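Comments concern the structure below.
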Amino acid sequence: MPVIEHQLWIKAPIEVCFDLARHVDIHVQTVSKTKERAVGGVTEGLLEAGDTVTWEAVHFGIRQRLTAQITEMQKPYRFVDIMVKGAFRSFTHVHEFREETGGTVMIDRFDYRAPFGLLGVIADKWFLENYMRQFIASKAIELKKIAEA
């Protein structure tokens, strides 16, 4: 299964980008197309190491729930969340931030395994990988707009 990597330069300090990326309310704003909302665990404010959050969203016309846990945090450079319950067989999402002159490079690395064995592999090749690439890129672009406003 693929590892999706997306990088985006943001004209904002690293601390601002880091905090926006782990803020539950900002996450909801950046993925509004999927009607995502926090329904369990930490449902507002900043996520910290050890926190869990359950997201409810509509993907492919189906309402789904996914619970993720923050397993690592090195402020303001990196945090990692993993799926502990949800539709994927597994996923690890690494969020990294690198200071550059005049701004921050935000890097998302999303390593996932589709469910359903061979059917999942086929679905991944047909549409899931592309969908996830677009989802991650769109979320990052929305976060950039907020950070630069």
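Atoms considered below: every heavy atom in the structure, side chains included; atoms not considered: hydrogens, waters and symmetry mates. What you see is a predicted model; the values in this text were computed from it and never measured. Count residues from 1 along the sequence.
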* What do the steps show when you test L46 against D19 for side-chain contact (heavy atoms from CB on, under 4.5 Å), and what is the final call? -> CA-CA 7 Å; L46 294 173; D19 284 349; 4.1 Å; yes
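- Residue T30 holds its OG1 atom at 6.5 Å from CD1 of I146, rounded to the nearest 0.5 Å.
- V31 has its side chain within reach of E36: a pair of non-hydrogen atoms, C-beta onward, lies under 4.5 Å apart.
- In the hydrophobic cluster analysis, where Ile, Leu, Val, Met, Phe, Trp and Tyr join through side-chain heavy atoms closer than 4.5 angstrom, V105 is grouped apart from V16.
- Under a hydrophobic clustering in which Ile, Leu, Val, Met, Phe, Trp and Tyr are joined whenever their side-chain heavy atoms come within less than 4.5 Å, directly or via other members, Y77 and L20 fall into the same cluster.
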* Take L128 and F60 through the test side-chain contact (heavy atoms from CB on, under 4.5 Å) and record every step on the way to the result. => CA-CA 10 Å; L128 184 58; F60 307 111; 4.1 Å; yes
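- Nearest heavy atoms, I10 versus A147: CG2-CB, 3.7 Å.
- Contact annotation: the side chain of V42 approaches that of V24 to within less than 4.5 Å [non-hydrogen atoms, C-beta and beyond].
- Between P2 and F110, the closest side-chain pair of non-hydrogen atoms is not below 4.5 Å.
- Taking 4.5 Å as the limit, every side-chain heavy atom of I70 sits out of range of all side-chain heavy atoms of V80.
- In this structure, CD1 on I82 lies 11.0 Å from OG1 on T52, to the nearest 0.5 angstrom.
- Contact check on K75 versus E15 returns no salt bridge, with no Lys/Arg side-chain nitrogen under 4.0 Å from an Asp/Glu carboxylate oxygen.
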* Asked: What do the steps show when you test E142 against K145 for salt bridge (charged side-chain N to carboxylate O under 4.0 Å, His left out), and what is the final call?
  -> CA-CA 5 Å; E142 292 303 312; K145 290 177 187 174; 3.0 Å; yes
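- Under a hydrophobic clustering in which Ile, Leu, Val, Met, Phe, Trp and Tyr are joined whenever their side-chain heavy atoms come within less than 4.5 Å, directly or via other members, F91 and I4 fall into the same cluster.
- Residues K139 and H27 form a side-chain contact, since some pair of their non-hydrogen atoms from C-beta on lies under 4.5 Å apart.
- A donor-acceptor pair is defined here as one N or O able to donate and one able to accept, closer than 3.5 Å; such a pair exists between the side chain of R22 and the backbone of L47.
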* Apply side-chain contact (heavy atoms from CB on, under 4.5 Å) to T34 and F135, showing your working. => CA-CA 9 Å; T34 61; F135 181 80; 3.9 Å; yes
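- The closest side-chain donor-acceptor pair between H95 and D81 falls under 3.5 angstrom.
- For the pair Q69 (side chain) and G50 (backbone), a donor-acceptor distance under 3.5 Å is present.
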* Could you go step by step and tell me if F88 and Y112 meet the ring-ring contact (aromatic ring centres under 6.0 Å, His included) rule? -> CA-CA 7 Å; F88 289 95; Y112 70 95; 5.6 Å; yes
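- M132 and F127 fall within the same hydrophobic cluster, where Ile, Leu, Val, Met, Phe, Trp and Tyr residues are linked whenever their side-chain heavy atoms come under 4.5 Å apart, directly or through other members.
- Proximity of a side-chain donor or acceptor of T104 to a complementary backbone N or O of F97 within less than 3.5 Å is not detected.
- Put simply, CH2 on W55 and CD on Q64 are 15.0 Å apart, with the number rounded to the nearest 0.5 Å.
- A salt bridge is absent between K11 and E148; no separation between the charged side-chain nitrogens and carboxylate oxygens falls under 4.0 Å.
- Note on R98 versus E100: salt bridge recorded, some NZ/NE/NH1/NH2 to OD/OE distance being below 4.0 Å.
- The heavy-atom pair separating R89 from A114 by the smallest distance is CB-O, 3.5 Å.
- For the pair E48/M73, a side-chain contact is recorded, criterion being any heavy-atom separation below 4.5 Å from C-beta on.
- Within a 6.0 Å sphere centred on CD of E44, other residues, nucleotides and ligands contribute 12 heavy atoms or fewer.
- Atoms CZ and CG, on R37 and D25 in that order, are 13.5 Å from each other to the nearest 0.5 Å.
- Here the side chains of D108 and E5 are not in contact, with every heavy-atom distance at 4.5 Å or above.
- Hydrophobic clustering, with ILVMFWY side chains joined whenever heavy atoms are under 4.5 angstrom apart, keeps I107 apart from I136.
- Rounded to the nearest 0.5 angstrom, T92 OG1 and E72 CD are separated by 10.5 Å.
- With hydrogens and angles disregarded, no donor-acceptor distance shorter than 3.5 Å links the side chain of K144 to the backbone of L8.
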* Asked: Passes ring-ring contact (aromatic ring centres under 6.0 Å, His included), H59 versus Y131? Steps please.
  -> CA-CA 10 Å; H59 296 280; Y131 179 84; 5.7 Å; yes
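- Atom CZ of R113 sits about 12.0 Å away from atom CE of M83, to the nearest 0.5 Å.
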